[in-house]
Amino acid sequence: MTLNICAQQNNTTPRMENFAIVIHGGAGTILKENMTPEKEKAYRDKLNEALEAGYKILEAGGSALQAVIEAVKVMEDSPLFNAGKGSVYTHEETIEMDASIMDGKTGKAGAVAGVKTIKNPVTAAFAVMEKSEHVMMIGTGAEKFAEKYKLEIVDTSYFFDQNRLNQLRQLKEKEKAVLDHDGASGYAKPDSSEIEFNIDLNPDKKFGTVGAVALDKQGNLAAATSTGGMTNKKFGRVGDAPIIGAGTYANNNTCAVSCTGHGEYFIRNVVAYDVAAIMEYKKFTLQKAAEYVINHKLEKQNGKGGLIAIDKKGNIAMPFNTTGMYRAYKKSNGQQEIKIYKD
Ligand code: ASP
């Protein structure tokens with residue numbers, strides 16, 4: 001008996017367990033000179049906590065879907081990032097959050113947009129995917145749905161943040177200057193309707209969307225993205241984060257992608273899906289496809305942002321065309337990094 005077991009062990013190639021998780025906490029003009037050591041440590045610690053939360057699940061044999069949810073939840077619960085607790089304010093001084101999730105194995109996806117009372121929008125996106133026949137729910141309907149499935153609902157005061165509010169009010173002042181044709185707002189023009197839509201592109205104030213992509217031991221990919229959107233957004237504006245194919249995409253045959261940046265560009269360029277499509281049709285590697293979309297296609301249009309991506313072999317890519325992007329990854333082969341700046 002013992003001999004048999006030994007023989008079997010000797011003849012069997014040990015199964016390589018290849019799994020990994022990548023996360024982001026938003027791209028923007030994140031410069032070392034604007035960062036205090038304390039602030040940098042706080043970001044690094046929180047990114048590490050999110051990374052570990054997801055990695056632990058993968059290590060225990062859990063699904064990529066569960067891993068991305070847990071990682072995103074950690075960042076949604078932190079005031080450091082523009083998602084959940086740290087969401088930025090709309091023009092009307094309210095919070096309106098968007099989130100989405102996609103399962104690379106089944107192609108199923110779920111999303112919520114414009115929600116104001118769901119503590120962890122990523123869990124609501126998952127509930128839409130799992131418990132309904134729909135892909136996206138918005139506003140009060142999405143909130144009712146989340147309540148029905150016993151997700152945590154909070155009072156809007158939970159999201160109150162004086163710094164974020166100051167940020168918005170400063171921007172509104174700048175907007176007044178733009179309307180007065182002063183011109184020197186210092187903010188990039190998202191499109192020709194700047195007067196109507198002077199959203200905050202000043203990055204440390206900033207693109208702080210969070211996201212995660214993962215490959216689990218079963219070879220399945222998943223992606224999730226969550227955001228408060230952009231400071232001073234108006235009239236029910238929805239960005240790329242909850243739009244499948246724009247801010248989030250996953251397909252076991254190609255890759256899983258989560259984006260951050262100026263959403264309008266990511267929607268128009270269908271960025272997350274584009275990375276997967278370029279891999280599939282042009283046979284580019286993940287790295288090459290992701291770099292091409294962010295640093296060539298978007299950059300040419302002055303579309304600012306970045307993305308994280310992982311393929312079925314566990315290769316990862318984290319390109320961005322801003323000065324920084326909060327990002328981190330951990331792989332089963334022991335490689336691990338947390339990065340903020342362009343280095
Ligand atoms: N992509 C998000 C949006 O446009 C913003 C961000 O990445 O921070 O809503």
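Indexing begins at 1, ligand by ligand and atom by atom, following the structure's order. Hydrogens, waters and symmetry mates play no part in the numbers below; they use all other heavy atoms, side chains included.
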Practice item. Answer yes or no: does an N/O atom from Gly263 fall short of 3.5 Å to an N/O atom of ligand 1? Key: yes

TODO: Output yes when the distance from some N or O of ligand 1 to some N or O of Thr209 is under 3.5 Å, and no in every other case.
DONE: yes

A student checking ligand 1 against Gly229 at a 4.0 Å heavy-atom cut-off should list atoms 5 (C), 9 (O)

Check: With a 4.5 Å limit on heavy-atom distance, are the side chains of Leu47 and Phe81 in contact?
Finding: yes

Under 3.5 Å, N or O to N or O, is Gly239 touching ligand 1 that way? no

In ligand 1, the atoms that come under 4.0 Å of a heavy atom of Thr260 are 6 (C), 7 (O), 8 (O)

Taking only non-hydrogen atoms of Asp240 and a 4.0 Å limit, the atoms of ligand 1 in range are 1 (N), 2 (C), 3 (C), 4 (O)

Contact region, Arg237 to ligand 1, non-hydrogen atoms below 4.0 Å, reads side chain

Taking the inter-plane angle between the rings of Tyr326 and Tyr43 on a 0 to 90° scale, is it parallel (under 30°), tilted (30 to 60°) or perpendicular (over 60°)?
parallel

### Message
I'd like to check Met318 versus His24 (side-chain heavy atoms, cut-off strictly below 4.5 Å). Are they in contact?
### Response
no

Cation over ring face, Lys85 and Tyr158, 6.0 Å, 45° | yes

Problem - Test item, Gly261 contacting ligand 1 (heavy atom, 4.0 angstrom) - result: yes

Sidechain N-carboxylate O distance under 4.0 Å for Arg169, Glu93: yes

| query | Is Lys32 positioned over the aromatic face of Tyr341, cation under 6.0 angstrom from the ring centre and no more than 45 degrees off axis? | reply | no

